[in-house]
Amino acid sequence: MVATPIVAGNWKMNKTPTEACSFIQESVNLLLDIDRVKVIFLPPFTGLFDMHVEHPFSLGAQNCHWEDQGAFTGEISVGMLKDCGVSYVIVGHSERRHVFSETNDWINRKVKAIIAADLIPILCIGETFEQRKSGQTNQVLEEQLQDGLEMINSLEKLVVAYEPVWAIGTGITASVEQVSGALSLVRDILSIQFSDSNIDNSPIIYGGSVTPTNAEELISVPGVDGFLVGGASLNIESFTSIIKIVDKIILNK
Ligand code: PGA
């Protein structure tokens with residue numbers, strides 16, 4: 001593994017600012033020995049203000065708008081996030097794509113805005129169950145990557161999260177073969193798209209029902225540089241166990 005491993009906790013629409021603050025403080029205290037894993041907390045927007053974390057911990061946001069400011073009721077700009085100390089922003093999460101109908105074009109605008117602000121996008125890609133069943137997985141991943149990263153010149157600031165839609169929040173995890181197949185496809189697509197970049201330095205992480213029970217097997221899959229964790233990141237014990245498992249396993253990768 002070349003990229004520093006990442007464990008990111010996507011809390012979705014869970015936890016008040018007070019709960020977020022005490023969760024983060026408690027986790028940091030339980031993870032004092034961890035310094036080989038980047039841990040990213042992604043609370044709702046309201047939990048980002050006035051939150052301070054230090055290496056190896058970072059703050060991330062779950063979404064953003066691509067414009068700097070203006071008449072976009074309910075939206076948050078990248079500059080506002082940066083002012084809260086955010087370093088990462090999730091883009092194209094399957095819930096944004098499928099529940100809020102976000103298109104690859106919107107996702108691309110967001111990626112560009114995030115990179116322009118010197119923050120790091122966590123670009124989520126993944127196929128639905130129907131797409132996998134009908135043999136469209138490769139095409140979907142290729143389209144999401146190519147369209148989502150259009151006009152991006154460098155991979156230097158990018159995390160890709162492969163999250164098969166059918167594995168998110170379902171308790172069904174992709175198999176070792178499915179994860180390693182998808183990740184090597186992602187690397188092939190990126191190396192064609194960014195011919196002069198060093199793909200090995202760009203973290204590619206897996207998400208979809210990661211728990212302390214399956215984390216060891218999944219992080220051992222060649223090419224997996226970490227996890228985007230939803231449900232299991234809401235509980236201090238399970239989230240910190242996943243981080244400790246990744247920290248232990250990466251030594252041997
Ligand atoms: P999950 O969510 O771990 O609950 O499947 C992952 C995600 O939505 O990023």
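These values consider heavy atoms only, across backbone and side chains, with no hydrogens, waters or symmetry-generated copies. Everything numeric in this text was worked out from a predicted model, so none of it was measured.
- In this structure, Gln62 contributes its side chain and Leu42 its backbone to a donor-acceptor pair below 3.5 Å.
- A 4.5 Å side-chain heavy-atom check between Lys12 and Leu234 finds every atom pair outside the cut-off.
- Within the 3.5 Å criterion, the main-chain N or O of Gln136 finds no donor-acceptor partner in the side chain of Gln139.
- Closest heavy-atom contact between Ile120 and Lys157: CG2-C, 4.1 Å.
- Heavy-atom minimum distance, Asp225 versus Ser202: OD2-O, 3.7 Å.
- Surrounding CG of Asp68 are at most 12 heavy atoms belonging to other residues, nucleotides or ligands under 6.0 Å away.
- Pro164 has its side chain out of reach of Phe129: every pair of non-hydrogen atoms, C-beta onward, lies at least 4.5 Å apart.
- Counting non-hydrogen atoms of other residues, nucleotides and ligands closer than 6.0 Å to CD of Glu217 gives a total of 12 or fewer.
- When atom types are taken as modelled, the side chain of Lys15 and the backbone of Pro44 share no donor-acceptor pair closer than 3.5 angstrom.
- Judged purely by atom type and a 3.5 angstrom limit, Lys110 uses its side chain to pair as donor or acceptor with the backbone of Cys64.
- One distance of note links CD1 of Ile168 with CD of Glu95; it measures 6.0 Å at 0.5 Å rounding.
- Between the CZ atom in Phe100 and the NE2 atom in His93 there is a gap of 11.0 Å [rounded to 0.5 Å].
- With contacts defined as side-chain heavy-atom distances shorter than 4.5 Å, the pair Glu26/Thr240 does not qualify.
- A donor-acceptor pair is defined here as one N or O able to donate and one able to accept, closer than 3.5 Å; such a pair exists between the side chain of Asn214 and the backbone of Thr211.
- Remark: the backbone N or O of Ile192 is not paired with any side-chain donor or acceptor of Ser195 at under 3.5 angstrom.
- The side chain to side chain contact (heavy atoms under 4.5 Å, CB included) test with Val159 singles out one residue from Ile205, Ile204, Ile90, and that residue is Ile205.
- Here the shortest heavy-atom pairing between Ile114 and Pro121 reads CG2-N, 3.6 Å.
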### Full working for salt bridge (Lys or Arg N to Asp or Glu O under 4.0 Å) between Asp33 and Lys244
CA-CA 9 Å; Asp33 309 344; Lys244 287 178 184 169; over 6 Å; no
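- Tested against Leu218, the residues Ile245, Val224, Thr173, Ile249 include a single side chain to side chain contact (heavy atoms under 4.5 Å, CB included) partner, Thr173.
- Trp166 and Glu127 share a donor-acceptor pair across their side chains, judged by distance under 3.5 Å alone.
- Between the Ser209 side chain and the Ala167 main chain, a donor and an acceptor come within less than 3.5 Å of each other.
- A donor-acceptor contact shorter than 3.5 Å is absent between the side chain of Asp247 and the backbone of Ile34.
- Counting all heavy atoms, side chain and backbone alike, Ser180 lies closest to Val221 at CB-CG1, 3.4 Å.
- Separating the CD atom in Gln25 from the NE2 atom in His52 is a distance of 10.5 Å, to the nearest 0.5 Å.
- Between the CD1 atom of Ile242 and the OG atom of Ser233 there is a distance of 8.0 Å, given to the nearest 0.5 Å.
- Taking each heavy atom of Gly85 and Leu59 in turn, the nearest pair found is O-CB, 3.9 Å.
- In terms of heavy-atom proximity, Thr137 sits nearest to Arg132 at OG1-CA, 3.2 Å.
- In this pair, Phe57 and Phe41 present their aromatic rings parallel. The plane angle is below 30°, not in the 30 to 60° band.
- No more than 12 heavy atoms of other residues, nucleotides or ligands lie within 6.0 Å of CD in Glu216, so this atom counts as exposed by the packing criterion.
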